[in-house]
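We count ligands from 1, going down the list as the structure has it; atoms in each ligand are counted the same way.
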Amino acid sequence: MQHYRTLWLSDVHLGAIQSRAADLTHFLSSVSADTIYLVGDIVDLERLKVKPTFMESHRTLLGHLFAIAAGPSRVVYIPGNHDVEFRRMAGQELFGVEIALEAEHVSASGERYLVFHGDALDAAIRKGTNLERFASAAYTVMVEADVRFNALRSRFGGQFSPLSTRIKNKLKAANEYILRFEETAAAYSASRGFDGVICGHIHRPGARRINGVRYVNDGDWVEHRTAVAEEADGTLHLLHYRSDGIDREPLFLDRSRRPLAA
Ligand SMILES: [Mn+2]
């Protein structure tokens, strides 16, 4: 059991068949943390409205999360756009899980991070140029498609190869959107006096410095199976779950852009 000061994960999409819930349950039985931030789109209420079924592995994960919250870990749940209804419960506690619209996290090394899902940035991005508006819409469609293609691939016993990621990476529109999202997140958190931002939403794990601001994205549990972890000394790592173990990639060792796990 690897213990961290803090863990961030998001975009689990429980209720959607594509969710890698069993993998996440396995992951959470091998890592622990003083504080765990669930950074939105944990439950996919959008999907559940269309098809109200909840698989056994999804229930198991929920039970596991509540068990963690009942233990020594602090669990903070920050709803996203697929579980937006839970935002009404901000300030309340559900079986030991604190619900909040956003959080401020002060790292062991003193950096102040804004923690939120990130969908709030879409409105600002859509006020941009036509290309940016198009890119944002196109990317949303691709993220939804990810979910479906992954399910199809696993059903036919295919490798969990990130086919849609490769397509996504090649699409100029997608890259335009990702860049805009990252820049908007960094600028927004800087405008509020933070040193960095930790979010999810775009299903694209990664970290980079933008005008001195630390931008961090914890990825997703539909395709990438990633989380961000803080060590006791404040160092951040991207954890990448694989069937044969967990890869750890240190973040912010240098100032260059490091697109991760794409
Ligand atoms: Mn989202």
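- When distances to the Mn ion (ligand 1) are checked against a cut-off of 2.8 Å, His82 contributes no N, O or S atom below that limit.
- Taking 2.8 Å as the threshold, Ser10 does not count as a candidate ligand of the Mn ion (ligand 1), since none of its N, O or S atoms lies below it.
- Using a cut-off of 2.8 Å, one finds that Asp11 contributes no N/O/S atom close to the Mn ion (ligand 1).
- Stacking of Arg214 on the aromatic ring of Tyr113 is not recorded, the 6.0 Å distance cut-off and the 45° axial limit not both being met.
- Remark: the Tyr241 side chain and the His26 side chain contain an N/O donor-acceptor pair separated by less than 3.5 Å.
- Within Asp41, the N, O or S atom at minimum distance from the Mn ion (ligand 1) carries the name OD2.
- The one candidate from Asp83, Leu24, Asp41, Leu65 that meets the side-chain contact (heavy atoms from CB on, under 4.5 Å) condition with Val12 is Leu24.
- The N, O or S atom of His201 lying closest to the Mn ion (ligand 1) is ND1.
- Side-chain contact of His3 with Asp34: a donor-acceptor pair under 3.5 Å is present, judged by distance alone.
- When distances from the Mn ion (ligand 1) to the N, O or S atoms of His117 are compared, NE2 comes out shortest.
- Note: Phe86 and Tyr77 meet the aromatic proximity criterion, with ring centroids under 6.0 Å apart.
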